Structure formats: C-alpha cells, structure tokens
**Student:** 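Submitted below is the structure of interest, expressed as structure tokens.
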Amino acid sequence: MSGSLDAYLVLSALLFCIGTFGFLARRNAISMLMSIELMLNAVNLTIVAFGAFSPALRNQGSIIALLVMAVAAAEATVGLAIVIAIFRNRRTPLVDEYDSMRQ
C-alpha cells in the first residue's frame with residue numbers, strides 16, 4: 001500500500017481531518033490559519049498524487065498544485081494582516097473577542 005494512490009489519499013484525508021479539527025476546536029486566530037494551511041496542503045497532496053498516478057494529469061497536476069500554493073500564500077498573507085490589525089486594537093488573538101467589533 002505504500003506505493004499506491006490509496007496511501008496518498010489516506011494520508012491526505014488524515015491531514016485534512018486534522019486541519020478541520022484544528023480549525024473547529026481552536027480559539028486562537030493564528031492556530032486557525034495554520035489549520036487552514038494544513039487543509040490546503042492536504043489538497044495539494046491529493047492533486048499531486050492524482051497527477052503522478054494518472055497519465056492524463058501528468059503535467060497539469062503540478063501546475064494546479066502550484067496555483068493552490070499561490071492561493072494559500074495569498075490567504076495566509078491577508079489573514080495574518082487582518083489578525084495583526086485586530087490584535088493591535090484588541091490585544092487578544094482569540095476569535096471570540098472579535099465579534100464585539102460588530103457594535
């Protein structure tokens with residue numbers, strides 16, 4: 001099973017589940033962003049695995065993974081900038097405190 005597509009898909013699903021649990025269970029905004037990055041890396045692993053094992057996706061798999069990495073980098077940049085701006089005003093990284101900004 002180590003050299004098959006199934007192993008990569010199981011690992012990817014495990015990483016995605018860990019990222020989902022981390023996003024739902026954490027209150028810290030930085031930890032939530034890290035969990036989102038873990039989920040995007042799981043998606044990248046799936047895309048690259050399908051690209052490696054499917055002859056039709058041999059070249060396109062890597063290109064799609066690079067696009068997902070670019071989106072992940074942009075998401076991390078914007079998300080971290082928002083978290084830093086809120087932290088400067090509220091002095092807390094906890095997302096429970098962010099809903100008080102609606103008032």
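Small disclaimer: the values here were computed from a predicted structure and weren't measured. All residue numbers refer to positions in the sequence shown, counting from 1.
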**Student:** For the residue pair V48 and A65, what are the closest heavy atoms and their distance?
**Tutor:**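 The pair with the smallest heavy-atom distance is CG2-CB, 3.7 Å.
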
**Student:** Give the cluster check for L33 versus I84: same hydrophobic cluster or not, with ILVMFWY residues linked at side-chain heavy-atom distances below 4.5 Å.
**Tutor:**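 Looking at the clustering, I84 is in the same group as L33.
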
**Student:** Looking only at heavy atoms, which two atoms of Y8 and A49 are closest? And how far apart?
**Tutor:**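 Minimum heavy-atom separation between Y8 and A49: CB-CB, 3.6 Å.
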
**Student:** Strictly distance-based, threshold 3.5 Å: is any side-chain N or O of S12 a donor or acceptor partner for the main-chain N or O of A42?
**Tutor:**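 Yes.
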
**Student:** Grab the two heavy atoms, one from L40 and one from V68, that are nearest each other, plus how far apart they are.
**Tutor:**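 Shortest heavy-atom separation between L40 and V68 comes out as O-CG1, 4.2 Å.
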
**Student:** Between L80 and I30, which heavy-atom pair has the shortest distance, and what is it?
**Tutor:**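 Result for this residue pair: CD1-CD1, 3.5 Å.
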
**Student:** Hey, what do you get for OG1 (T46) to CG (L15), rounding to the nearest 0.5 Å?
**Tutor:**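 CG of L15 is found 9.0 Å from OG1 of T46.
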
**Student:** Looking at CD1 of I47 and CD1 of I63, how far apart are the two atoms once the value is rounded to the nearest 0.5 Å?
**Tutor:**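 If I round to the nearest 0.5 Å, the distance is 12.0 Å.
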
**Student:** Within a strict 4.5 Å, meaning less than it, do heavy atoms of the L9 and F50 side chains meet?
**Tutor:**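 Yes, side chains in contact.
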
**Student:** Say whether L45 and L5 are linked into one hydrophobic cluster, either directly or through other cluster members, by side-chain heavy-atom distances under 4.5 angstrom.
**Tutor:**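 As far as the 4.5 Å side-chain criterion goes, L5 and L45 are connected within one cluster.
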
**Student:** With a 4.5 Å heavy-atom cut-off, do I82 and V78 have their side chains touching?
**Tutor:**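 Sidechains of V78 and I82: in contact.
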
**Student:** Looking only at heavy atoms, what is the nearest atom pair of E37 and A72, with distance?
**Tutor:**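 Nearest heavy atoms, E37 then A72: OE2-O, 3.1 Å.
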
**Student:** Which distance, rounded to the nearest 0.5 Å, do you find between the CE of M39 and the CZ of F21?
**Tutor:**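 The CE atom of M39 sits 13.0 Å away from the CZ atom of F21.
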
**Student:** Measure the shortest side-chain to side-chain distance between I18 and L38 over non-hydrogen atoms and say whether it is less than 4.5 angstrom.
**Tutor:**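 Of all side-chain heavy-atom pairs linking L38 with I18, at least one is under 4.5 Å.
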
**Student:** Quick one: CD1 on I36 to OG1 on T20, what's the gap to the nearest 0.5 Å?
**Tutor:**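 I36 atom CD1 to T20 atom OG1 measures 10.0 Å (nearest 0.5 Å).
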
**Student:** For a quick test of reading the model, state the closest non-hydrogen atom pair linking S35 to G22 and the distance between them.
**Tutor:**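 What the structure gives for the nearest pair is OG-C, 3.3 Å.
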
